[in-house]
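All values derive from a computational prediction rather than experimental measurement.
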Amino acid sequence: MYEYVKAIHIIFVVCWMAGLFYIVRLFIYHTEAQDKPEPDRSILSKQFEVMEKKLWYIITVPSILLTVAAGITMLILQPAWLHFGWMHLKLTFVVGLGIYHHICQNKIKQMAGGVFKWTSTQLRLWNELATVLLFAIVFLVVLKSALNWIFGVVGLVSLAVILMIAVKIYKRYREKK
């Protein structure tokens with residue numbers, strides 16, 4: 001039974017992450033559409049609002065709910081996992097991802113109301129946070145107690161720096177065009 005629940009958990013983690021990655025990409029396009037002249041701006045904004053809502057409520061929200069349900073079921077089936085430090089850290093990162101999810105949901109509401117507080121560059125950096133959290137969670141689950149905490153932290157910080165540099169380079173490239 002545990003292996004079936006784990007498979008379901010992994011499938012819906014993939015769906016949830018796909019939703020999180022794509023929603024921020026839509027935020028970027030939606031934000032950039034505000035620089036377009038009318039009627040393009042209105043047409044694009046309406047289309048992005050439809051896409052954001054469908055992605056969020058048809059894919060992303062059900063996926064987080066099924067991910068959490070399967071995760072809790074696995075912990076009920078294997079309560080010993082809760083005695084390990086790596087699991088505590090993993091759950092901390094998962095809570096962080098849940099907060100990220102909540103902030104994205106607030107962004108959907110803000111943008112639908114015509115409020116665009118973040119630039120497209122800020123949104124690109126925001127998108128990388130989900131990547132860093134995903135890396136942290138996967139490495140913790142795969143390596144468990146074999147994880148060397150120092151190398152793990154250095155690796156995550158390095159990944160974050162590399163992603164931020166890549167976003168900045170891409171911004172310069174776009175500005176030259």
Original post:
Can you check side-chain contact (heavy atoms from CB on, under 4.5 Å) on Q105 and Y57, steps first, answer last?
Top reply: CA-CA 10 Å; Q105 187 159 328; Y57 293 108; 3.9 Å; yes
**OP:** First locate atom CG of L55, then atom CD1 of I108, and finally report the distance between them rounded to the nearest 0.5 Å.
**Re:** 7.5 Å
**OP:** Mark yes when over 12 heavy atoms from residues, nucleotides or ligands other than H102 sit less than 6.0 Å from its NE2; otherwise mark no.
**Re:** no
Original post:
Where the side chain of Y100 meets the backbone of W126, is there a donor-acceptor pair that is under 3.5 Å apart?
Top reply: yes
**OP:** Go through the steps to decide whether Y22 and F27 satisfy the test side-chain contact (heavy atoms from CB on, under 4.5 Å), and finish with yes or no.
**Re:** CA-CA 9 Å; Y22 191 50; F27 293 165; over 6 Å; no
**OP:** Decide side-chain contact (heavy atoms from CB on, under 4.5 Å) for V61 and H101; before the verdict, give the C-alpha distance in whole Å, the side-chain angles of both, and the deciding distance to 0.1 Å.
**Re:** CA-CA 9 Å; V61 170; H101 177 102; 4.1 Å; yes
Original post:
In Å, rounded to the nearest 0.5 Å, how long is the span from SG of C15 to CD1 of I10?
Top reply: 12.0 Å
**OP:** For residues Q34 and S45, report the shortest heavy-atom separation together with the two atoms involved.
**Re:** NE2-OG, 2.7 Å
Original post:
Are any side-chain N or O atoms of R41 and backbone N or O atoms of A33, one a donor and one an acceptor, separated by less than 3.5 Å?
Top reply: no
Original post:
Which heavy atom of I8 sits nearest a heavy atom of A70, and at what distance?
Top reply: CG2-CB, 4.3 Å
Original post:
Do you reckon M74 sits in the same ILVMFWY cluster as V142, going by side-chain contacts under 4.5 Å, direct or chained?
Top reply: yes
**OP:** Spell out, as yes or no, whether a donor-acceptor pair under 3.5 Å connects the side chain of T31 to the backbone of T119.
**Re:** no
Subject >> Atom pair CE/CH2 of M51 and W56 - distance to nearest 0.5 Å >> reply: 15.0 Å
Subject >> Within one Ile-Leu-Val-Met-Phe-Trp-Tyr cluster: L77 and Y4, side-chain cutoff 4.5 Å >> reply: no
**OP:** Kindly work out whether a path of hydrophobic side-chain contacts (I/L/V/M/F/W/Y, heavy atoms less than 4.5 Å apart) joins L65 to L91.
**Re:** yes
Subject >> ILVMFWY cluster, V68 and F12 together (side-chain gap under 4.5 Å) >> reply: no
Original post:
How long is the gap from CE on M87 to NE2 on H83, to the nearest 0.5 Å?
Top reply: 11.5 Å
Original post:
How long is the gap from OG1 on T73 to CD on Q78, to the nearest 0.5 Å?
Top reply: 12.5 Å
**OP:** Indicate if V24 and L44 have the same hydrophobic cluster label, given that clusters are the connected sets of ILVMFWY residues with side-chain heavy-atom separations under 4.5 angstrom.
**Re:** yes
Subject >> Nearest atoms (heavy-atom pairs only) where A130 meets F21 >> reply: CB-CE2, 3.7 Å
Original post:
Are the side chain of S120 and the backbone N or O of E32 linked by a donor-acceptor pair below 3.5 Å?
Top reply: no
Original post:
Looking at OG of S158 and CG of L163, how far apart are the two atoms once the value is rounded to the nearest 0.5 Å?
Top reply: 10.5 Å
Subject >> Beyond-backbone contact of L97 with L20, side-chain heavy atoms, under 4.5 angstrom >> reply: yes
Original post:
Do the charged groups of E49 and K46 touch, with an N to O distance under 4.0 Å?
Top reply: no
**OP:** Give the intermediate values and the outcome of side-chain contact (heavy atoms from CB on, under 4.5 Å) for residues I137 and V13.
**Re:** CA-CA 11 Å; I137 292 166; V13 165; over 6 Å; no
**OP:** Would you name the heavy atoms of K107 and Q110 that are closest together and state the gap between them?
**Re:** NZ-OE1, 2.9 Å
Original post:
Quick one: does R25's side chain get under 4.5 Å of R124's, heavy atoms only?
Top reply: yes
**OP:** Answer yes or no: is there a side-chain heavy-atom contact under 4.5 Å between N127 and T131?
**Re:** no
**OP:** Could you check whether the rings of Y29 and F48 sit parallel, tilted or perpendicular, using 30° and 60° as the cut-offs?
**Re:** tilted
